[in-house]
Amino acid sequence: MSASFKINETTITQTIDALWLKNKGIELKIKRDDLLHPLINGNKWRKLKYNLAQMQTQNKTELLTFGGAFSNHIHACAAAGKLFNLTTHAVVRGPELDQSNPTIQFVKQCGMQLHVVNRIEYRLRNDPHYLKDLQARFPNAYILPEGGTNYFAVPGCAELAQSLPKHDYLVCPTGSGGTLAGLIEGSQVTTQVIGVAVLKQAKYLEEEVRKLSHKANTQTNWQLLCDFHDGGYGKFTPALWQFCQEMAKNHDLPLEPIYSGKMMYALWQLIKQDYFPAGSKIIAIHTGGLQGLDGLKYRGLI
Ligand SMILES: Cc1ncc(COP(=O)(O)O)c(C=O)c1O
């Protein structure tokens, strides 16, 4: 990989100190991947890393991806473009684009070129014919799927799993399944890997995870929890947002309610319900996404 596509990947693992956890015999640690880089953090970097290498292998000089107007992925790709001096494009779900939205303002400042499409066209984002046309329009572009999830997203997340201290359970939020697939791929078979689905009716993601990870196909040491979506993608109850604020105040753990907060809220409830046996060592991955808080504030949702 080019030296120019490297960032320092060292992040801390924070222990959550709480008497009730001690009394249950549970050790809970958070891998603070949100601190990986101020702009390209969490699973965004883990999934981009080998995609950037692949882009170079294919002699492409531009990055083209897809996302909604508040997307963490678009935000990270724009920042990577700025940092590594790459032209970046985003096909953004419209039909209109609010130019004052903080995510859009940021990506534009980074120089990202935005191509706003209506919802019908956006639905074609994984269609091979549509992608072929897009490639013809942008011949220098390496096309990265929405959320940055593809085959090359897996090894970066596998490396993350391999870098962790000893644990019995590894937990992450799940949107498209790339992060979960990578964590399964990088884990020992003795580790139970748990994805907390952040969207409704997410069972289909199990198949996506199996497609991305050979181990997910052949091993049973993982599961996707589909009952903690809290209303669906981007939705959350006041109780969940309250929980995020309490975690920030009581445990110095900043969370947002779309991914990391949803996962932690689920995990907290599961520990309370004695889902994990005494003596369990649990690591939860903070996958970043804190930039999303600005968008939620902007829309008056928090
Ligand atoms: C902050 C954050 N955490 C978790 C996820 C979910 O990861 P994945 O799509 O790999 O399941 C995303 C979306 O990619 C995200 O932006």
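As the structure is a computational prediction, the values presented were derived from the model and not from experiment. Order of appearance sets the numbers: ligands from 1, and atoms from 1 within every ligand.
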Side chain to side chain donor-acceptor pair (under 3.5 Å) between S163 and E159, intermediate numbers included: CA-CA 6 Å; S163 74; E159 279 177 1; over 6 Å; no
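- Less than 6.0 angstrom separates the ring centroid of F276 from the ring centroid of Y169.
- Salt bridge K211/E208: present, at least one basic N to carboxylate O contact under 4.0 Å.
- Residues that satisfy the side-chain contact (heavy atoms from CB on, under 4.5 Å) test with S100, not counting sequence neighbours, are D98, Q105, Y298.
- Residues passing the side-chain contact (heavy atoms from CB on, under 4.5 Å) test with Q99, sequence neighbours excluded: L97, I104, K108.
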Does ligand 1 have any N/O pairs with the protein under 3.5 Å, and how far apart?
| residue | atom | partner | partner atom | Å |
| --- | --- | --- | --- | --- |
| ligand 1 | 3 (N) | T287 | OG1 | 2.6 |
| ligand 1 | 7 (O) | N43 | ND2 | 3.0 |
| ligand 1 | 7 (O) | T179 | OG1 | 3.4 |
| ligand 1 | 9 (O) | K47 | NZ | 3.2 |
| ligand 1 | 9 (O) | S176 | N | 2.8 |
| ligand 1 | 9 (O) | S176 | OG | 2.6 |
| ligand 1 | 10 (O) | K47 | NZ | 2.7 |
| ligand 1 | 10 (O) | G178 | N | 3.3 |
| ligand 1 | 10 (O) | T179 | N | 2.9 |
| ligand 1 | 10 (O) | T179 | OG1 | 2.7 |
| ligand 1 | 11 (O) | G175 | N | 2.8 |
| ligand 1 | 11 (O) | S176 | N | 3.0 |
| ligand 1 | 11 (O) | G177 | N | 2.9 |
| ligand 1 | 14 (O) | K44 | NZ | 3.0 |
| ligand 1 | 14 (O) | K47 | NZ | 3.3 |
| ligand 1 | 16 (O) | K44 | NZ | 3.0 |
| ligand 1 | 16 (O) | N72 | ND2 | 2.9 |

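- With sequence neighbours left out, A181 forms a side-chain contact (heavy atoms from CB on, under 4.5 Å) with V154, V209, L212, S213.
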